[in-house]
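Below is one structure, written out as structure tokens, with a few remarks after it.
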Amino acid sequence: MSSTKTQLEKVSIIGSGNWGSAIAKIIGTNTMRHLDHFEPIVRQWVFEEQIKGRNLTEIINEEHENVKYLKGVKLPHNIIAIPDLVTACQDATLVVFVVPHQFIHGVCERMKGHLAPGARAISLIKGLEITPEGTRLFSEEIARSLNIPCAALSGANIANEVAMEKFCESTIGCEDIEQGLIFKRLFDTPYFRINVIQDPIGVQLCGALKNVVAVGAGFSDGLGHGSNTKAAIIRLGLMEMRKFGQTFFGESVQTETFFESCGAADLITTCNGGRNRKVAEAFVLTRKPIELLEAELLNGQKLQGTLTAQEVNQFLKARNMEHEFPLFSTVYRIVYEGLSPEAIVIDI
């Protein structure tokens, strides 16, 4: 009498910044909790850097802490930092992408031919690329480059709070619900609650457009408007997010998605905190250029909201539809055309 042994999933994490390190803590813990589903060792591709004369990968593997991007948070011992991308992803069956979006194409090109047959991926990269010609989801870029299915995860997930195990939710969008449930097992914890939906487009769309709304909320804060005004901006922004999705993606974007963690919850969090709101507020108070404020306030990070506002405007302008999205268009005009910030409560 013979028995078949379940093939264990071999997990690789591609990326190791603030969010990548926070999610590695969760993945390392869950692979050890579910040894009947996952191999215990999780390889994480870490871009090699020198920290006080030592390799960052060496520090992570010896001290189990990413001292540059998530200082003070211990990582599980089964997370192994690897500086070589091919070694980190070799024969992986589940691949978690947490790299800056501008590196996706190059990273996928180097990974080709090295994953296990039947591998699946999930993108934790918020947003999408919008051009006058159309849109490009990062999950689609990964799926097309590597010829594997790719889901998406997004939600009201500030990395430091997740790392400190403060309760939050997140949303996985996956066309195949059974595959989505495998990823749920990889990520779900009592403090990081996962819901799986069959709308990967909507999940990623929310992650991009909410940043534009957050810039508008920051303008309102800089002008000294109160909670009522910000609530109105959030509501109007949510309506435009939904309208954009359903106008340009049709029935594949579900209304219910905008009430998931990736939608309303992430929008509220971003409009009350985060770098887009912070820099937009400073823009009103100081009247300094956005690029200068980025350099002064963000420690090397870049704003997504202003760039996305520009991309959305170009997309809408090419279709003569700017007037149908007054909040998105007003944010763009304030940042790039010198419109008075007061327009955020007049022109929307």
Exercise. Measure the spacing between CD of Glu175 and CD1 of Ile201 and express it to the nearest 0.5 Å.
Key: 7.0 Å

Quiz item: Is Arg54 salt-bridged to Glu63, cutoff N-O under 4.0 Å?
Solution: yes

Exercise. Sequence neighbours left out, what passes side-chain contact (heavy atoms from CB on, under 4.5 Å) with Glu256? Give chain and number order.
Key: Gln254

Quiz prompt | Pair Glu48-Thr57, side-chain donor/acceptor within less than 3.5 Å | solution = yes

Quiz item: Does any non-hydrogen side-chain atom of Ile290 lie less than 4.5 Å from one of Tyr336?
Solution: no

Exercise. Quick one: list whatever passes salt bridge (charged side-chain N to carboxylate O under 4.0 Å, His left out) with Glu109, sequence neighbours left out.
Key: Lys112

Quiz item: Within the distance-only criterion (no hydrogens, no angle test), does the side chain of Glu240 pair as donor or acceptor with the backbone N or O of Leu327 below 3.5 angstrom?
Solution: yes

Quiz item: Stepwise, does the salt bridge (charged side-chain N to carboxylate O under 4.0 Å, His left out) test hold for Glu129 with Arg136?
Solution: CA-CA 5 Å; Glu129 186 176 277; Arg136 181 175 66 96; 2.8 Å; yes

Quiz item: Does one side chain, of Glu322 or Asn313, offer a donor that lies under 3.5 Å from an acceptor on the other?
Solution: yes

Quiz item: Is Lys210 reaching over with its side chain to a backbone N or O of Ala264, donor-acceptor style, under 3.5 angstrom?
Solution: no

Practice problem: If you link ILVMFWY side chains whenever their heavy atoms are less than 4.5 Å apart, which other residues fall into the same cluster as Leu35? By chain and number, please. | Solution: Met32

Exercise. Indicate whether any N or O donor in one side chain lies under 3.5 Å from an N or O acceptor in the other, for Glu141 and His105.
Key: yes

Quiz item: Can you name the one residue among Glu49, Gln50, Glu62 that meets side chain to side chain donor-acceptor pair (under 3.5 Å) with Asn55?
Solution: Gln50

Quiz item: Does a donor on one side chain and an acceptor on the other come within less than 3.5 Å for Ser170 and Asn157?
Solution: yes

Practice problem: Check the surroundings of atom NZ in Lys317: do more than 12 heavy atoms from other residues, nucleotides or ligands lie under 6.0 Å from it? | Solution: no

Quiz prompt | Heavy-atom donor-acceptor pair, Asp84 side chain to Thr87 backbone, under 3.5 Å | solution = yes

Quiz item: So, Arg120 and Asp176, do they make that salt bridge, N to O below 4.0 Å?
Solution: no

Practice problem: Indicate yes or no for a side-chain donor-acceptor contact from Arg319 to the backbone of Pro132 under 3.5 Å, with no hydrogens or angles considered. | Solution: yes

Quiz item: Quick one: do Glu65 and Lys74 make a salt bridge, cutoff under 4.0 Å?
Solution: yes

